[in-house]
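Some notes on the structure that comes next.
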Amino acid sequence: SRMKPSEGADLAELLAGTADGGFAIDAEGRIVLWNRAAESMLGHTEREVVGRLCCDLLIGDDENGNRLCCRGCHIKEIARTGTPVHSFDMRTRTKGGSSIWVNVSTLRVSSNGAGHRTVHLIRDVTATREILSLIRERMATPVPPAPAAETRYRPSVPAGSVISSANEPKSDSAISLVKNSRSRAS
């Protein structure tokens with residue numbers, strides 16, 4: 001059943017005033033309100049979706065591919081009992097066919113003469129989900145071991161050479177070894 005203009009005016013105003021995508025469904029799961037933010041996010045106009053079953057439009061699933069949107073919608077049933085529904089992420093498709101992740105918050109709203117409506121507020125969380133996926137992939141990839149200490153740079157010094165620092169006094173034999181190595185290099 002569609003909302004009568006006077007019954008849906010307040011709820012429509014509330015949904016129009018949010019930057020989140022938002023829509024309301026009736027007891028049968030038919031969309032009765034659809035805001036501009038939902039239109040912008042998913043590409044469907046209000047005219048295209050009002051009267052359609054929410055599950056047929058969104059065809060949402062979770063990260064394991066389990067169908068969330070169906071005719072016996074458990075989210076709608078939980079909301080109907082008055083039990084708060086925790087927000088959840090759902091993958092759906094835009095009108096153009098692109099995959100999009102949305103976070104869904106659910107409200108139960110009383111409407112004069114029309115009974116209760118279930119309102120879903122949706123936010124695009126695609127970028128966040130993609131970043132988390134990349135992090136999980138990177139964490140699952142083994143990191144190559146660091147080079148062993150023996151592979152550090154060592155100067156090549158001929159065997160039998162004496163190495164001394166500039167601050168150490170040089171013995172006559174050390175000076176002669178350095179002179180001999182210089183004369184061989186020239």
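- In this structure, the side chains of Leu107 and Leu121 come closer than 4.5 Å at one or more pairs of heavy atoms.
- At least one side-chain heavy atom of Leu11 sits under 4.5 Å from a side-chain heavy atom of Val119.
- Annotation: side chain of Leu33 is not in contact with side chain of Val50 (no heavy-atom distance under 4.5 Å).
- Residues Arg80 and Thr118 form no side-chain contact, since every pair of their non-hydrogen atoms from C-beta on lies 4.5 Å or further apart.
- Side-chain N/O atoms of Thr126 and Arg91 include no donor and acceptor closer than 3.5 Å.
- When side chains are defined from C-beta on, Arg93 does not count as touching Ile100, because their heavy atoms never get closer than 4.5 Å.
- The residues Arg129 and Asp89 are annotated as salt-bridged, a charged nitrogen and a carboxylate oxygen being separated by less than 4.0 angstrom.
- Distance check: Glu28 CD to Cys73 SG gives 13.5 Å after rounding to the nearest 0.5 Å.
- Remark: Arg36 does not engage Glu46 in a salt bridge, criterion side-chain N to carboxylate O under 4.0 Å.
- Side-chain contact between Ile25 and His120: present, with at least one pair of heavy atoms (C-beta onward) separated by less than 4.5 Å.
- With contacts defined as side-chain heavy-atom distances shorter than 4.5 Å, the pair Ser87/Asn103 qualifies.
- Taking the six-membered ring for Trp and thresholds of 30 and 60 degrees, Trp34 and His44 have ring planes more than 60 degrees apart, a perpendicular arrangement.
- Residues Leu134 and Glu137 have side chains in contact (heavy-atom distance under 4.5 Å, counting atoms from C-beta outward).
- No path of Ile, Leu, Val, Met, Phe, Trp and Tyr side chains, each step under 4.5 Å between heavy atoms, connects Val125 with Leu58, placing them in separate hydrophobic clusters.
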### Task
Could you check Arg67 against Asp61 for salt bridge (Lys or Arg N to Asp or Glu O under 4.0 Å), going step by step and ending with a plain yes or no?
CA-CA 4 Å; Arg67 185 84 184 262; Asp61 59 12; over 6 Å; no

